[in-house]
Amino acid sequence: MIVAIDGPAGCGKSTVAKLVASQLGYYFLNTGSFYRAVTYAHLMKGGDCSDRDACLETARNVSITVRNGDIYLDGTDVEDKLHTPDVDMNASIVSSDPRLREIVTAAVRKIAGSMDIVTEGRDTTTVIFPDAQCKFYFDASSEVRARRRTEQQNDGQSYEEVLALIEKRDANDRNKEVGSLKIAKDAVYIDTSHLTINQVCEKVVSVVQSRLRDCPAK
């Protein structure tokens with residue numbers, strides 16, 4: 001069973017996906033973290049993220065693995081380094097290269113293997129796992145998402161700065177050559193703007209359990 005969650009930054013994908021995976025006993029896999037890991041590795045080398053060929057070379061030469069839901073880069077846990085403002089903005093640029101996306105997609109599918117997983121990230125439902133049994137698209141206004149980010153990540157940025165970054169990133173994600181942000185035709189749409197984390201989790205788990213009843217494992 002693959003439960004795939006898509007949607008823009010700050011709509012609660014990661015938090016809900018982790019909780020749903022825990023409740024269902026599934027493995028949690030954040031596809032967007034793979035792009036963030038490549039971005040972080042490239043920035044640490046002092047690289048220019050607008051240089052597609054250089055970013056591609058970085059992607060080809062780093063080892064990205066997942067342990068207990070955390071991303072490891074060449075054997076080192078870098079999960080807590082993947083959500084800085086620099087990585088936030090540049091990950092969208094790095095992930096716009098179709099060649100690099102092919103590398104990441106192959107890596108994600110290999111890790112997923114035959115496990116029951118809950119996975120999240122932009123284009124998860126449309127490109128990486130288009131045949132997922134359960135697809136969801138989370139959404140929320142940019143203002144709500146900016147407020148959440150400001151409250152959750154106390155890194156000194158003002159609400160206005162976070163809002164501007166989110167709106168710029170949304171524009172980048174919607175206009176990507178490949179893997180752009182869009183709603184899969186068979187995805188369940190959930191506006192999380194005025195829902196609690198637990199309420200969103202309940203909706204997702206309810207749909208998954210219903211699908212399991214309708215299509216029991218053979």
Side-chain angles (χ1 to χ4, degrees), residues 2-24 26 28-36 39 69 79-80 82-93 95-96 117-130 132 134-176 179-208 210:
I2 294 178
V3 179
I5 302 174
D6 215 328
C11 60
K13 299 189 302 297
S14 294
T15 302
V16 171
K18 288 178 181 178
L19 289 173
V20 169
S22 177
Q23 289 182 32
L24 294 173
Y26 289 5
F28 168 69
L29 185 64
N30 182 335
T31 61
S33 289
F34 284 72
Y35 296 108
R36 288 176 175 273
T39 302
E79 186 67 32
D80 64 345
L82 303 183
H83 295 278
T84 65
D86 278 349
V87 173
D88 277 350
M89 183 51 60
N90 284 291
S92 183
I93 298 171
S95 64
S96 65
I117 67 170
V118 178
T119 180
E120 64 92 358
R122 274 166 299 285
D123 92 348
T124 302
T125 61
T126 55
V127 177
I128 300 179
F129 295 111
C134 293
K135 299 180 185 179
F136 298 88
Y137 186 94
F138 290 1
D139 207 355
S141 69
S142 56
E143 291 80 10
V144 166
R145 290 183 283 133
R147 187 179 70 247
R148 289 174 179 170
R149 281 291 172 91
T150 303
E151 293 172 351
Q152 294 168 359
Q153 298 179 12
N154 187 18
D155 54 11
Q157 286 186 304
S158 68
Y159 164 81
E160 290 75 16
E161 290 172 325
V162 175
L163 177 60
L165 284 172
I166 281 179
E167 291 180 338
K168 183 175 181 180
R169 185 171 180 186
D170 284 351
N172 288 341
D173 289 336
R174 290 192 176 99
N175 293 297
K176 284 178 180 174
S180 59
L181 179 63
K182 56 186 177 182
I183 307 173
K185 292 181 179 179
D186 53 348
V188 176
Y189 181 91
I190 300 178
D191 188 331
T192 71
S193 297
H194 305 292
L195 297 175
T196 66
I197 293 299
N198 286 336
Q199 287 172 328
V200 179
C201 284
E202 288 174 5
K203 288 178 177 289
V204 173
V205 170
S206 177
V207 171
V208 174
S210 176

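Hydrogens, waters and symmetry mates play no part in the numbers below; they use all other heavy atoms, side chains included.
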With no hydrogens and no angle check, is any side-chain donor or acceptor of [X] less than 3.5 Å from a backbone partner on [Y]?
{"X": "T192", "Y": "C11", "value": "yes"}
{"X": "K13", "Y": "P8", "value": "yes"}
{"X": "T124", "Y": "D6", "value": "no"}

| query | For A184 and T125, which heavy atoms make the closest approach, and how far apart are they? | reply |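 The answer is CB-OG1, 3.7 Å.
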Can you tell me how far apart [atom1] ([X]) and [atom2] ([Y]) are? Round to the nearest 0.5 Å.
{"X": "I117", "Y": "L29", "atom1": "CD1", "atom2": "CG", "answer": "5.0 Å"}
{"X": "K168", "Y": "I166", "atom1": "NZ", "atom2": "CD1", "answer": "14.0 Å"}
{"X": "R147", "Y": "S141", "atom1": "CZ", "atom2": "OG", "answer": "7.5 Å"}

| message | The criterion is salt bridge (charged side-chain N to carboxylate O under 4.0 Å, His left out); which residues satisfy it with D186, sequence neighbours excluded? | response |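 Partners of D186 by the salt bridge (charged side-chain N to carboxylate O under 4.0 Å, His left out) criterion, ordered by chain and then number, come out as K135.
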| request: Could you tell me whether K182 and D123 have a side-chain N and a carboxylate O separated by less than 4.0 Å? | output: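 The answer is no: the pair does not qualify as a salt bridge.
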| said: Can you list everything that forms a side chain to side chain donor-acceptor pair (under 3.5 Å) with D170? Sequence neighbours excluded, please. | reply: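 Checked D170 against side chain to side chain donor-acceptor pair (under 3.5 Å); matches are R145.
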| task | List the steps and the verdict of side chain to side chain donor-acceptor pair (under 3.5 Å) for S193 and D191. | result | CA-CA 6 Å; S193 297; D191 188 331; 2.7 Å; yes
Exercise answer: donor-acceptor pairs, residues 14-23 side-chain atoms, under 3.5 Å, sequence neighbours excluded:
from: S14; atom 1: OG; to: N30; atom 2: ND2; distance (Å): 3.4
from: S14; atom 1: OG; to: E120; atom 2: OE2; distance (Å): 2.4

